[in-house]
Chemist: 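Pasting in a structure now, in structure tokens, and then I'll have a few things to ask.
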Amino acid sequence: MDEARLKLAVQKSGRLSDPSLELLGRCGLKLSRGKDQLLGFGENMPLDVLFVRDDDIPDLVEEDVCDLGLIGRNVLEEKRLELAAQGRAARFETVRTLDFGRCRLSLAVPQESPWSGLESLRGRRIATTYPYLLGDFLRARGIRAEIVTLSGAVEIAPRLGRADLICDLVSTGSTLAANHLREVETVLESQALLIRTPLPLAPSKAEWMRRLLLRIEGVQQVRESKYIMLHAPRSALPDIRRLLPGSESPTIIPLEGSSERVAVHAVCRENVFWETLESLKQAGASALLVLPVEKMLS
Ligand code: PRP
Ligand code: ZN
């Protein structure tokens with residue numbers, strides 16, 4: 001592989017795959033994927049994407065096979081604890097918290113099982129693919145329970161009699177519902193992170209890393225941002241400014257043929273909901289228009 005190009009590890013197929021590629025696309029990256037689909041070549045940036053199992057991403061970054069990785073906090077923290085158990089410190093660094101891949105590692109019991117708080121865990125068997133995070137959670141609360149480490153299909157362990165309850169990732173909750181399980185306690189909140197090797201990068205790579213990070217920031221800001229335009233009487237401006245969510249100083253433009261009415265243009269760094277528009281209208285605004293923002297660079 002070309003040493004002058006940044007290498008970024010991304011989950012091959014799973015909850016982070018599509019949003020990861022979408023983020024890179026919005027950062028302007030054009031990828032061509034070869035037949036084996038394991039390596040994506042950046043056509044317009046010196047950046048290549050390796051498609052791998054999410055559990056392998058921390059190791060790939062640790063071992064400098066990749067400079068960067070897009071990974072869930074759940075996988076990263078499990079790895080960190082696993083390394084700590086071996087007396088090693090993790091060598092990856094988190095550089096950005098991203099706005100996708102939100103899910104949580106939770107304890108869930110069979111629908112009909114009683115639950116009266118963490119005390120109910122004592123002496124029970126808990127199936128999970130996250131033995132280190134679960135072990136840490138139990139230790140911190142002084143609870144002795146048996147951890148049954150599985151490599152997958154955790155949600156069917158109670159029905160098979162292999163465990164009394166489970167500790168698994170939940171995002172929509174549909175897997176739990178389909179398996180008649182009830183979420184009772186959160187062990188870890190998770191979302192996607194960008195991690196990097198702690199080793200210094202060659203100057204050209206470092207420069208592209210810097211640019212990529214700036215673009216990621218821009219993309220994340222823009223996702224929530226809206227451009228809002230409206231007409232209003234001057235006298236209503238103080239109220240209207242208070243109602244505009246997360247906006248800096250708006251642009252006020254006089255309207256032709258009217259000394260009292262003005263146009264207000266503003267970037268709102270939050271979503272603009274119908275409720276806000278209704279309040280703005282009540283405050284005297286009319287001709288309200290909300291537009292998505294495509295790119296932003298400050
Ligand atoms: C997790 C978990 C459940 C599912 C929960 O697996 O093991 O099967 O997601 O999601 P839901 O609440 O939306 O139904 P994941 O897809 O992350 O697979 P992996 O652990 O093998 O990476
Ligand atoms: Zn996985």
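Numbering of residues begins at 1 and proceeds along the displayed sequence. Counting starts at 1 for both ligands and their atoms, following the listed order. Every value quoted in this text rests on a predicted model; they were computed, and no experiment measured them.
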Chemist: Under a 4.0 angstrom heavy-atom cut-off, which atoms of ligand 1 come close to T172?
Modeler: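 Answer for ligand 1: 11 (P), 12 (O), 13 (O), 14 (O).
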Chemist: Could you tell me whether the side chains of S120 and S116 share a donor-acceptor contact shorter than 3.5 Å?
Modeler: yes
Chemist: Can you name the atoms of ligand 1, numbered from 1 with element, that are less than 4.0 Å from a heavy atom of S171?
Modeler: 10 (O), 11 (P), 12 (O), 13 (O)
Chemist: What residue and heavy atom of the protein are closest to atom 7 (O) of ligand 1, and at what distance?
Modeler: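 Heavy-atom neighbour on the protein nearest atom 7 (O) of ligand 1: D168 OD2, 2.9 Å.
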Chemist: Tell me whether the NZ or CZ atom of R33 lies within the 45° cone about the ring axis of F51 and under 6.0 Å from its centre.
Modeler: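 Checked: cation-pi criterion met.
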Chemist: Looking only at protein heavy atoms, identify the closest one to atom 20 (O) of ligand 1 and say how far it is in Å.
Modeler: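 Nearest protein contact, heavy atoms only, for atom 20 (O) of ligand 1 is Y130 OH, 4.3 Å.
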Chemist: If we ignore hydrogens and angles and just use 3.5 Å, is the side chain of R5 paired with the main-chain N or O of M45 as donor and acceptor?
Modeler: yes
Chemist: Could you list the atoms of ligand 1 found under 4.0 angstrom from a heavy atom of D54?
Modeler: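 Per the distance check, 22 (O).
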Chemist: In this structure, would F100 and L213 fall into the same cluster of hydrophobic residues linked by side-chain contacts under 4.5 Å?
Modeler: yes
Chemist: Taking K79 first and then E62, would you say they form a salt bridge - that is, a charged N and a carboxylate O separated by under 4.0 Å?
Modeler: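 Salt bridge between K79 and E62, a charged N being under 4.0 Å from a carboxylate O: no.
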Chemist: Within a distance under 4.0 Å of any heavy atom of G173, pick out the atoms of ligand 1 and give their elements.
Modeler: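 Within the 4.0 Å cut-off of G173, ligand 1 contributes 11 (P), 12 (O), 13 (O).
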Chemist: For E278, is there an ion pair with K281 - N to carboxylate O distance below 4.0 angstrom?
Modeler: no
Chemist: By atom name, which N, O or S atom belonging to D55 lies closest to the Zn ion (ligand 2)?
Modeler: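 It is OD1 of D55.
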Chemist: So, R125 and D164, do they make that salt bridge, N to O below 4.0 Å?
Modeler: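 Salt bridge: yes.
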Chemist: Protein heavy atom under 4.0 angstrom of atom 18 (O) of ligand 1, is there one?
Modeler: no
Chemist: Out of all atoms in ligand 1, which are within 4.0 Å of some heavy atom of T175? Include the element for each.
Modeler: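 Taking each heavy atom of T175 in turn, ligand 1 has 3 (C), 4 (C), 5 (C), 8 (O), 10 (O), 11 (P), 14 (O) under 4.0 Å.
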Chemist: Do R15 and D54 sit within salt-bridge range, that is, some charged N less than 4.0 Å from a carboxylate O?
Modeler: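 Between D54 and R15 there is no salt bridge, as every charged N stays at least 4.0 Å from the carboxylate O atoms.
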Chemist: To the nearest 0.1 Å, how far is atom 5 (C) of ligand 1 from its closest protein heavy atom, and which atom is that?
Modeler: L169 O, 3.3 Å
Chemist: Can you confirm whether more than 12 heavy atoms, excluding those of R162, are under 6.0 Å from its CZ atom?
Modeler: no
Chemist: Looking only at the side chains, is there a donor atom on one of E155 and T175 sitting less than 3.5 Å from an acceptor on the other?
Modeler: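 T175 and E155 do not have a side-chain donor-acceptor pair below 3.5 Å.
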Chemist: With a 4.0 Å cut-off on heavy atoms, is S174 in contact with ligand 1?
Modeler: yes
Chemist: Only N/O/S atoms count here: what is the atom of D54 closest to the Zn ion (ligand 2) called?
Modeler: OD1
Chemist: Just which atoms of ligand 1 are under 4.0 Å from any heavy atom in V170?
Modeler: 12 (O)
Chemist: Answer yes if a protein heavy atom lies under 4.0 Å from atom 22 (O) of ligand 1, otherwise answer no.
Modeler: yes
Chemist: Quick one: which ligand 1 atoms are inside 4.0 Å of a heavy atom on R15?
Modeler: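 Under 4.0 Å from R15, ligand 1 has these atoms: 1 (C), 4 (C), 5 (C), 6 (O), 9 (O), 10 (O), 15 (P), 16 (O), 17 (O).
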